[in-house]
Structure formats: structure tokens, C-alpha cells
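Data block below; observations after.
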Amino acid sequence: MTHSGVPLLDVVRSNAPLRDEILCAMAEILDSGRFIGGDAVKNFEVAFAQYCQTKHAIGCASGSDALLLALMALEIGPGDEVIVPSFTFFATASAVWRLGAVPVFADIDPVTFNLNPASVQACITKQTKAIIPVHLFGQCCDMESIVNLANDASLYVIEDAAQAIGATYRKRPAGSMAHIGCFSFYPTKNLGGLGDGGICTTNDDEIQEKLRLMANHGMKPRYTHTKVGVNSRLDAIQAVALGIKLRHVTNWSNERLENAQRYHNLFRHFNLTDKVEMPATDPECGHVWNQYTIRVRDRETRDYLRREMTERGIGTEVYYPIPLHLQQCFATLGYQTGSLPNTERAAAQVLSLPIFPGLTNAEQVQVVQSVDDAIGNRFKIRAA
Ligand SMILES: *Cc1c(COP(=O)(O)O)cnc(C)c1O
């Protein structure tokens, strides 16, 4: 058996078969001289909206900007509170903070890692304006409960679907279930660009107008500014590459799902289920497996396992090691260790393993073999 290692992610593997097609489309953009907007961006927006079963899609410069623009379009600002998970990527909360609003951190469900509706409910105050459920690791939140809570309190809902293109909740696609959906084309996402990019989805004509306005300096008509917006665009050159890749996303998601099922079987085969908690799928959800995230007994075990994996050439990552409510930049919000126990436990115990499309069976065996080598004989999390 060779031990050449396994990368956490190999984007070259999925891009390589599309190389000529992408280069050809990019050459067309180069030759056209039309780098901003134009048909390239329009066509991609139409295709993306169709994929998400929404009326509109509005390209922008990144997933972080998509969140910022969503909040701006809904006129969220100073004095407003927005409920977000703490167990997520920083951008979910920083977008709220940057507009002068207050991110209010809710705890997660320990099984799905997604927002716990009961915790969300406990966070609602008179100042609450919106909830941002994050479909973490490629699995949708309990949208029925969250949308019901929002409707009862007249709140906006913004889906952070950065990790969840093509994921479904009760057959409905991520990004189609709320006022606005936000997506990222950062290269590690299931639809990764050749650089940064993002998009917002919505079914609401008025919100679409506002998103476009805010992404274009609040300018309409030219040199007339009714709002103070930003400059946030999806480049034509990204749009054509993404348009080509979009046609493969469903296949890639299916491959990710197969890889997840194979890990499940391997962990059972290696008798590791008393040391490793495998990620669970909510029966209401179609999971697209942006990450395959296991849990082990505690932080020491996790850090030890990660070091051992690194030594064997296996790429892993901790998404996310420090919950947002305990980040130094949010210290003035006054959260203490212990305020979100499920979030804090997850941050200590999680480790994400390679799951990208194109990962081979042999590589997955190598990954699980390495977990077994490292913690197979100790660090039980529960009785077998
Ligand atoms: C990646 C990500 C973002 C930000 O996207 P960028 O394109 O990197 O700005 C926001 N939220 C979540 C949950 C993400 O995973």
C-alpha cells in the first residue's frame, strides 16, 4: 500500500476535465472586451436562479458580500438585532456587525450542527429584525420551524447557503425558502469559481431591485444615488466558468453523497463507531456534503487525531475551532464561555475529512485507516 497522502480538497481534479471548455469561454470574454456585466453574467444569473428554483439571482463579488447586500437590501442597521449561529464562518456575523446591527448568537442542534429553533426563539426581542440560518456543511436547517418563528414575529429570513448549493429541505432547494438566499463561489464550495464570487437569490421583485441597487453604489440612474451602496460584482470571466461548472454540480453532489456513504460503511467496518461520531442526515434534507465532519471525544483527542493525520499526509480541517461568540472582536457583546454549550462542544470535537468529488475508494480507505491507527485503541466516546 502506498502512503502518498490524501488532500483535504483537490479542485484540480474536478476542473481538469473542463479545462478546454473553460479556457475557450474565457477567451471569448477576453476577445469581446466585455468584462463587467453583459450577457455572460446575465446568462449565469438566469441559470443559477433556475437551479435554485427562484425567480431572481443577483451576482456579486463574494459570499460575504452576498450576506452584506442582503442585509442592506432589507435596510438592517444600527439598533437592529439579527439572530445568527455562532458555529459558522465569520462572514455570517461580520456582515451584521459591519452595518452597525447586533449579531445575536443562537445555539445549534448537536446532531445536525445547524441552528436550534428553540434557541433562536429565546433570542427574539423587540429589536430583532432578521434570522440568518446557515445550512452548515451542506445540510439545510429546520426551515419549517425557523420560517414559522420568523412569520410569528414578522422577521426577515436570510439563508446563508454558501455551503449548500443544491441542498434541499422537504424537496425545496437551499436559497429558495426565505426572503433572500446567499451563496459563495469561493473555491472550496461545491460550486467553486476560479477566484472569488457570490450570488443572492430571491423570489421578490422589489428585493431583487434593491439588491442590484446596493451592489451598484445605490446608483440609479447613472450618477444619481438614492442609497449608499457598494461596488460588488460577479466578473464576466467568473460567470462563464461558473456557468460551465454549474452543469456538473448535481453530479458532483451525488459523488459527495456516495463518498459520505462510503465513509459511513468504512467507519463501521473498522469498528470505529464508538470513537467517532459520524455526521447525521436529517430525513427531511437532501445533503450535498460540502464537508464530512466527524466528532471525537474531546478537544485533546481531536487535536491529537489531526496531528496524527497530518503526519500521515491526510488533509483535515477544523470548521470551526473558535465559536464566533467567543471571538475577541465580539468581546463587547459580552458572551462568556458556557453561554452556548452545544456550539462550544462542537468546536472542540469536530474534524472535517476529505470528501471532494473524484476522491477514490482507496483514498477513503487510507483516511479511515489513519483514523484507526491514531485512535482505534483508545479515546472511546461511548460504550460499543
Ligand atoms: C464561505 C462562506 C461564506 C463567505 O463566502 P466568501 O465567498 O468566502 O466571502 C459565508 N458563510 C458561510 C457559511 C461560508 O461557508
Side-chain angles (χ1 to χ4, degrees), residues 11-12 14-70 72-73 91 161-162 165-166 175-176 180-250 252:
V11 290
V12 174
S14 23
N15 286 334
L18 306 176
R19 183 177 185 277
D20 292 347
E21 197 183 349
I22 289 173
L23 283 178
C24 192
M26 288 176 124
E28 261 180 54
I29 296 293
L30 180 64
D31 295 342
S32 77
R34 190 91 206 249
F35 306 130
I36 305 290
D39 284 346
V41 175
K42 232 176 270 166
N43 293 342
F44 176 68
E45 287 177 340
V46 168
F48 194 89
Q50 193 173 10
Y51 193 78
C52 296
Q53 294 173 31
T54 59
K55 199 163 168 195
H56 306 287
I58 302 92
C60 63
S62 69
S64 303
D65 272 11
L67 289 160
L68 189 68
L69 291 166
M72 289 174 96
I165 181 175
S176 73
I180 303 176
C182 298
F183 293 84
S184 162
F185 304 125
Y186 186 77
T188 62
K189 312 295 165 145
N190 283 19
L191 177 57
L194 316 180
D196 278 310
I199 207 163
C200 293
T201 50
T202 185
N203 286 315
D204 186 302
D205 296 344
E206 215 170 296
I207 290 175
Q208 186 238 184
E209 291 280 328
K210 273 196 160 157
L211 286 165
R212 290 199 187 281
L213 185 72
M214 297 320 282
N216 188 29
H217 292 296
M219 179 168 79
K220 196 180 180 184
R222 207 163 174 76
Y223 305 127
T224 305
H225 301 266
T226 49
K227 300 270 178 199
V228 180
V230 296
N231 165 18
S232 186
R233 300 182 182 110
L234 183 65
D235 290 327
I237 212 146
Q238 287 297 341
V240 289
L242 289 165
I244 291 165
K245 295 188 73 176
L246 180 63
R247 300 200 284 271
H248 299 270
V249 162
T250 302
W252 290 332

Could you tell me if the side chain of [Y] sits less than 4.5 Å from the side chain of [X], heavy atoms only?
X: Ile237; Y: Leu30; answer: no
X: Lys55; Y: Thr202; answer: no
X: Val228; Y: Met214; answer: no
X: His248; Y: Thr250; answer: no
X: Val41; Y: Asp235; answer: no

What's the separation between atom [atom1] in [X] and atom [atom2] in [Y], rounded to the nearest 0.5 Å?
X: Arg19; Y: Cys24; atom1: CZ; atom2: SG; value: 12.0 Å
X: Tyr186; Y: Leu191; atom1: OH; atom2: CG; value: 15.0 Å
X: Lys189; Y: Ile165; atom1: NZ; atom2: CD1; value: 12.0 Å
X: Gln238; Y: Met26; atom1: CD; atom2: CE; value: 6.0 Å
X: Leu213; Y: Ile207; atom1: CG; atom2: CD1; value: 13.5 Å
X: Ile58; Y: Leu211; atom1: CD1; atom2: CG; value: 4.5 Å

| message | side chain to side chain contact (heavy atoms under 4.5 Å, CB included) for Phe185 and Leu234? Distances and angles first, verdict last. | response | CA-CA 10 Å; Phe185 304 125; Leu234 183 65; 4.2 Å; yes
Do you know the tightest heavy-atom contact between [X] and [Y]?
X: Ala40; Y: Ile29; answer: CB-CD1, 3.7 Å
X: Ser176; Y: Cys52; answer: CB-O, 3.3 Å
X: Ile22; Y: Ile244; answer: CA-CD1, 3.7 Å
X: Ile180; Y: Cys200; answer: CG2-CB, 4.0 Å
X: Arg233; Y: Asn216; answer: NH2-OD1, 3.8 Å

| said: Under a 3.5 Å cutoff, is there a donor and acceptor pairing between the side chains of Asp204 and His56? | reply: no
| message | Check for me whether the distance between the ring centres of Tyr51 and Phe183 falls short of 6.0 Å. | response | no
| query | What do the steps show when you test Ile199 against Phe44 for side chain to side chain contact (heavy atoms under 4.5 Å, CB included), and what is the final call? | reply | CA-CA 10 Å; Ile199 207 163; Phe44 176 68; 3.9 Å; yes
Donor-acceptor pair, [X] side chain versus [Y] backbone, under 3.5 Å?
X: His225; Y: Lys220; value: no
X: Ser232; Y: Ala61; value: yes
X: Thr201; Y: Gly175; value: yes

| With a 4.0 Å cut-off, would you call Glu21 and Lys245 a salt bridge? |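 No, Glu21 and Lys245 are not salt-bridged.
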| message | Going by side chain to side chain donor-acceptor pair (under 3.5 Å), name the pairs with one or both residues in residues 24-50, residues two or more places apart or in two chains. | response |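 Residue pairs passing side chain to side chain donor-acceptor pair (under 3.5 Å), neighbours aside: Glu45-Arg212.
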